[in-house]
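Naming: A, B, ... by sequence-line order, numbering from 1 per chain.
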Protein chains: 2
Amino acid sequence: MTPLTPSAAVSPGRAAASEARKQRIRDAALSLFSQFGLRGASLDAIANQAGVSKTNLLYYFPSKEKLYISVLQQILNTWLEPIRAIDADQSPEAAINHYIRIKVELSRDHVQASRLFCLEMIQGAPLLKEELHSDLRALVEEKSKVIEGWIAHGSLLPVDPHHLIYLLWGTTQHYADFAVQIEAISGKTLADPEFFEATVDNIQRIVLGGLLPRPKES
Amino acid sequence: MTPLTPSAAVSPGRAAASEARKQRIRDAALSLFSQFGLRGASLDAIANQAGVSKTNLLYYFPSKEKLYISVLQQILNTWLEPIRAIDADQSPEAAINHYIRIKVELSRDHVQASRLFCLEMIQGAPLLKEELHSDLRALVEEKSKVIEGWIAHGSLLPVDPHHLIYLLWGTTQHYADFAVQIEAISGKTLADPEFFEATVDNIQRIVLGGLLPRPKES
DNA sequence: AGACTGTCAGACCATTTGGTCCAACCAGAA
DNA sequence: TTCTGGTTGGACCAAATGGTCTGACAGTCT
């Protein structure tokens, strides 16, 4: 379980206890929502896993959907952090290498968050659509400019920045969402440091260097 | 309706009609399961969308889980087809280019299947785990040998075949599962032929040629 | 024609679900 | 102590859900 909020303890421990309770509920909710979706997870099960009564859960979060949104909100920020770090001052090689590593770390440390995010997307992101169209879109547009700058400068081969970003998202996310499949085939998880490094290294090598020995000029 | 194949079936029109009904149910089930998962989709909703009564649905599929498995089974074969096509006789360039195209086509033409597959993976693939460990694993192992052959032959730069396959899976799958996100950002879908071609082309270019202009060292 | 069999739907049931109500608890202010 | 307002849980409810039962209708076989 990996809580996403840095809870700074407040004045009296009494109020902090309830905040801790809220967080326990959110953690349990993340665990179950990420497994069964909004409709598939029951409040009973969440309350049970959090070790509180259902009434108590509904005291803190007035409805199931409110709880779901609260959990999702907590995820979103963490999720977009890596792409914000992309900066024109870096070399494309360093920036992309770093981005890949951070993203694979996310897939390792926040599997459930990754999955819940994926679930929400699959369902058409009814609760995030707005933010996708505004915040995320603007962010991607901004970083696309950076990438295009690199290309114009000749330090990156011509590529559509959008598709590059999708490729990076898809690849790294895959290691969290399809962990079962990967474990079935490779017998390893990102929790294994060696496998983690191999993952980062291989993605970096393919994306930056490509697979073909000599770059075919066209 | 006149049956096109007057084979020696017991009752040609009747059997065909019921099979069509079964398929309509499976289609509706795929549509709803892929959106809400096994637990999130109700039999009522599925029957309703298929245009049959719930009783009729349960007549053809004795339980919800049986229906789910039946749908999943139909998907699996289609899903593994592209990787089967990878062949040592082809050049790696041709093979990988072809694989990427086929896989993006799958993401375009079978969005719901892709999503249901993804959902199942996220939940830990309780119903597919066996086949992942046996069939899929063997298949991947076999194709990894082919890739390693290419590398030994010097027609492919050294890379872990597993991670290459994961990258291809993740990237292509992403266009189906995260279509909402992609549409929010790029404003296009794979249904748009231009966007489809751009997708295929960019993935091919990145994977085969890499991003960096010229490797200064090897 | 009549019996048989496969196909289909409406009524029904037990369980689970999200959510409400009310009574009780418990720390601190008076 | 008593009062008070935030906090907590057991009992409860209406709706939805997966699944069963009974019976009807339509072809087919004798």
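Note: CD1 (B/I46) to P (D/dG19) measures 11 Å, nearest angstrom. As rounded to whole Å, 9 Å separates atom P of C/dA9 from atom OH of B/Y60. Rounded to whole Å, the distance from CG on B/L58 to P on D/dC21 is 12 Å. With rounding to whole Å, A/K66 atom NZ is found 14 Å from C/dG18 atom C1'. For A/L67 and C/dT17, the CG to P distance is 15 Å, given to the nearest whole Å. Taking atom CZ of residue A/R24 and atom C1' of nucleotide D/dT7, one finds them 14 Å apart after rounding to whole Å. Between the CG atom of A/D44 and the P atom of C/dT20 there is a distance of 15 Å, given to the nearest Å. Rounding to whole angstrom units, NZ of residue A/K64 and C1' of C/dG18 are separated by 8 Å.
The residue B/T55 sits close to a base: some heavy atom pair falls under 4.0 Å. When heavy atoms are screened at a 4.0 angstrom cut-off, B/L43 is found touching the sugar-phosphate backbone but no base atom. Within the nucleic acid shown, B/S42 comes within 4.0 Å of sugar-phosphate atoms alone, with no base atom in reach, counting heavy atoms only. As judged by a 4.0 angstrom heavy-atom cut-off over every strand, A/A41 is placed among residues touching the sugar-phosphate backbone only.
The salt bridge (Lys or Arg N to Asp or Glu O under 4.0 Å) check on B/K54 picks up B/D44, with sequence neighbours excluded.
Sequence order on DNA chain D of the closest nucleotides to A/Y59 and A/R39 puts A/Y59 first from the 5' end.
Classification of the B/W79-B/F117 ring pair by plane angle, with boundaries at 30° and 60°, yields tilted. Ring geometry for A/Y68 against A/F33 counts as perpendicular: the plane angle is over 60°, on a 0 to 90° scale with 30° as the lower cut. Between B/H174 and A/Y166, the ring planes are tilted. Angles from 30° to 60° get that label.
Helical stems in DNA chain D, defined as runs of 3 or more consecutive Watson-Crick or G-U wobble pairs with donor-acceptor distances under 3.5 Å: C:1-30 with D:1-30.
Taking side-chain N and O atoms only, A/R21 has no distance below 4.0 Å to OP1 or OP2 of D/dT7.
Atoms OG1 and CG, on A/T172 and A/L106 in that order, are 8.5 Å from each other to the nearest 0.5 Å.
Taking the side chain as every heavy atom from C-beta outward, A/Q204 and A/I96 never approach each other to under 4.5 Å.
For A/K54 against C/dG19, a side-chain-to-base donor-acceptor contact under 3.5 Å is present.
Open room surrounds CD on B/E130; 12 or fewer heavy atoms of other groups in view lie less than 6.0 Å from it.
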